[in-house]
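The structure under discussion appears below in the form of structure tokens.
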Amino acid sequence: MYRFVLTRQWVFLTLMALALIPAMIELGFWQYHRHEHRVAQNQLIEANLRAKPVPMTEVTSPGHRVPRADFWRAVTATGTYDSAHEVVVRMRTDNDDKVGFHVLTPLVLSDGRVVLVNRGWVPGGDDPRAYPPVPTAPTGEVTVTGRLKADETSGGSGIKDRKGLPDRQVMLINSAQQAEYLGRTVLGGYLELTAPAPADGTPEPIADPDHDSIGPHMAYAVQWWLFAAAVPVGWVVLVRREKREREEEAARAEASRQEPATA
């Protein structure tokens, strides 16, 4: 009755179904692990944002690679802005996804070391290669608070570090590059400014990282597992339909053979 499943067509279909089931299960677990990673990252961001700010000199040093556990950690620094060596970071978006620049200003500490401070976003002018209008940084000694961020690299950010850029424009925020440019000792990573906020709202402060949404990964995981469960069900449905169609065809053939004998 079911010997048709041994035909070449049905053997191929069965093998394909057997290959799809573990593949879909694995894809479901891949999405589930992405969901777990997103949840863990949200918890890390929330904990670090709510933590009491600590001096940046306590959590990083020259050449230090900021670990993921310290991403977005609240830090403070006290020093004097070196506006003469301020640079802007190209191809950065504001909170409404408009393209402009981030303003990166060195903050010179009392011991001569430097903290890179990302003061926020400014729009570009008519000429994208021209230095944009940037509000002057506060003068005198200031104490700033912000989120600790790791040095950017092309591999980690996906941003190509282009050469031959206009003067005082960079593609990446990288302490090693800025140490070479400044000729000073620069602490690893950088501070993303949150306070004090600029009086006139410019540069535009960078919004807190999203740590509420969990994304669609869990839904995708369930979807893949449902697909995996549907494959054997679909195979059984196809087999039964094939069996029924073959029985009906056999019945019609038998009826057509009996008609002349009856006549």
**Request:** Before giving the answer on side chain to side chain contact (heavy atoms under 4.5 Å, CB included), spell out for Val99 and Met91 the whole-Å C-alpha distance, their side-chain angles and the decisive distance to 0.1 Å.
**Result:** CA-CA 6 Å; Val99 179; Met91 303 299 295; 4.3 Å; yes
**Asked** Passes side chain to side chain contact (heavy atoms under 4.5 Å, CB included), Val239 versus Trp235? Steps please.
**Response** CA-CA 6 Å; Val239 168; Trp235 185 88; 3.8 Å; yes
**Prompt:** His33 and Glu36: side chain to side chain contact (heavy atoms under 4.5 Å, CB included), yes or no, with the steps?
**Reply:** CA-CA 5 Å; His33 293 323; Glu36 287 186 317; 3.3 Å; yes
**Request:** For side chain to side chain contact (heavy atoms under 4.5 Å, CB included), just list the numbers for Leu238 and Trp10, CA-CA rounded to whole Å, side-chain angles, deciding distance to a tenth of an Å, and then say yes or no.
**Result:** CA-CA 10 Å; Leu238 290 176; Trp10 274 94; 3.7 Å; yes
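When each of Glu192, His102, Glu204, Glu86 is tested with Arg119 by the rule side-chain hydrogen bond (donor to acceptor under 3.5 Å, both in side chains), just one qualifies, namely Glu86. The side-chain hydrogen bond (donor to acceptor under 3.5 Å, both in side chains) test with Arg147 singles out one residue from Thr194, Asn118, Asp208, and that residue is Asp208.
Side-chain contact check for Leu187 versus Ser175: every heavy-atom pair is 4.5 Å or farther apart. Using a 4.5 Å cut-off on side-chain heavy atoms (C-beta onward), Phe101 and Arg90 make contact. Inter-residue side-chain proximity for Pro196 and Val144 is flagged as met; some heavy-atom pair is nearer than 4.5 Å. Side-chain contact between Asp167 and Tyr131: absent, with no pair of heavy atoms (C-beta onward) separated by less than 4.5 Å. Considering only heavy atoms from C-beta on, Arg73 comes within 4.5 Å of Val54 through its side chain. Inter-residue side-chain proximity for Pro198 and Pro138 is flagged as unmet; no heavy-atom pair is nearer than 4.5 Å. Contact of the Pro135 side chain with the Pro203 side chain is registered, since non-hydrogen atoms from C-beta on lie closer than 4.5 Å. The side-chain heavy atoms of Met56 and Pro53, taken from C-beta on, include no pair separated by under 4.5 Å.
Within the model, atoms CG of Leu109 and OG1 of Thr78 stand 8.0 Å from one another, a figure rounded to the nearest 0.5 Å. In this structure, CG in Leu18 is found 9.5 Å from CG in Leu13, a value given to the nearest 0.5 Å. In this structure, the separation between CG on Asp94 and CH2 on Trp121 is 4.0 Å, given to the nearest 0.5 Å. Between the CZ atom of Arg241 and the CZ atom of Arg244 there is a distance of 8.0 Å, given to the nearest 0.5 Å. The distance from atom OG1 of Thr60 to atom CG of Asp151, rounded to the nearest 0.5 Å, is 8.0 Å. Note that CZ of Phe227 is 4.0 Å distant from CD of Gln223, once rounded to the nearest 0.5 Å.
Hydrophobic clustering keeps Val87 apart from Ile159 (ILVMFWY residues linked when any side-chain heavy atoms are closer than 4.5 Å, directly or through intermediates). Linking ILVMFWY side-chain heavy atoms closer than 4.5 Å, directly or via other members, places Tyr81 and Leu182 in two distinct hydrophobic clusters. Cluster membership check: Val134 does not share its hydrophobic cluster with Leu104, using side-chain heavy-atom separations under 4.5 Å among Ile, Leu, Val, Met, Phe, Trp and Tyr. Taken together through direct or relayed side-chain contacts under 4.5 Å among Ile, Leu, Val, Met, Phe, Trp and Tyr, Ile214 and Leu44 form parts of separate hydrophobic clusters. Hydrophobic clustering (ILVMFWY, side-chain heavy atoms < 4.5 Å, transitive): Val108 and Val75 are in distinct clusters.
Across every non-hydrogen atom of Val186 and Ala179, the tightest pair is CG2-CA, 3.5 Å. Closest non-hydrogen pair, Ser157 versus Leu172, comes out as OG-CD2, 3.6 Å. Closest non-hydrogen pair, Pro62 versus Thr185, comes out as CG-CG2, 3.2 Å. Residues Pro232 and Ile21 come closest through the heavy atom pair CD-CD1, 3.9 Å. Nearest heavy atom pair, residue Pro132 against residue Pro123, reads CB-O, 3.7 Å.
The local environment of OH in Tyr220 is sparse, with at most 12 non-hydrogen atoms from other residues, nucleotides or ligands closer than 6.0 Å. Atom CZ of Arg168 has more than 12 neighbouring heavy atoms from other residues, nucleotides or ligands inside a 6.0 Å radius. Enclosure of atom OH in Tyr32 is not indicated, since only 12 or fewer non-hydrogen atoms of other residues, nucleotides or ligands lie within 6.0 angstrom. No more than 12 heavy atoms of other residues, nucleotides or ligands sit less than 6.0 Å from atom CZ of Arg184. By the neighbour-count criterion of 12 heavy atoms within 6.0 Å, atom CD of Gln9 is sparsely surrounded, having that number or fewer from other residues, nucleotides or ligands.
Remark: side-chain polar atoms of Asn48 are paired, donor with acceptor, to backbone N or O of Ala69 under 3.5 angstrom. Side-chain N or O atoms of Asn42 include one that pairs as donor or acceptor with a backbone N or O of Ser213 at under 3.5 Å. With hydrogens and angles ignored, the 3.5 Å screen pairs a side-chain donor or acceptor of Asp200 with a backbone N or O of Thr202. Of the possible polar contacts, one joining the Trp225 side chain to the Ile25 backbone as a donor-acceptor pair under 3.5 Å is found.
Residues Glu152 and Arg92 are paired through a salt bridge, judged by an N-O separation under 4.0 Å between the basic side chain and the carboxylate. Using a cutoff of 4.0 Å between basic side-chain nitrogens and carboxylate oxygens, Lys163 and Asp161 are scored as salt-bridged.
If you check the side chains of Gln169 and Arg129, you find no donor sitting under 3.5 Å from an acceptor. For Arg113 and Ser61, the side-chain atoms include no donor-acceptor pair closer than 3.5 Å.
The aromatic rings of His85 and Tyr181 stand perpendicular to each other, their planes meeting at an angle above 60°, with 30° marking the opposite boundary.
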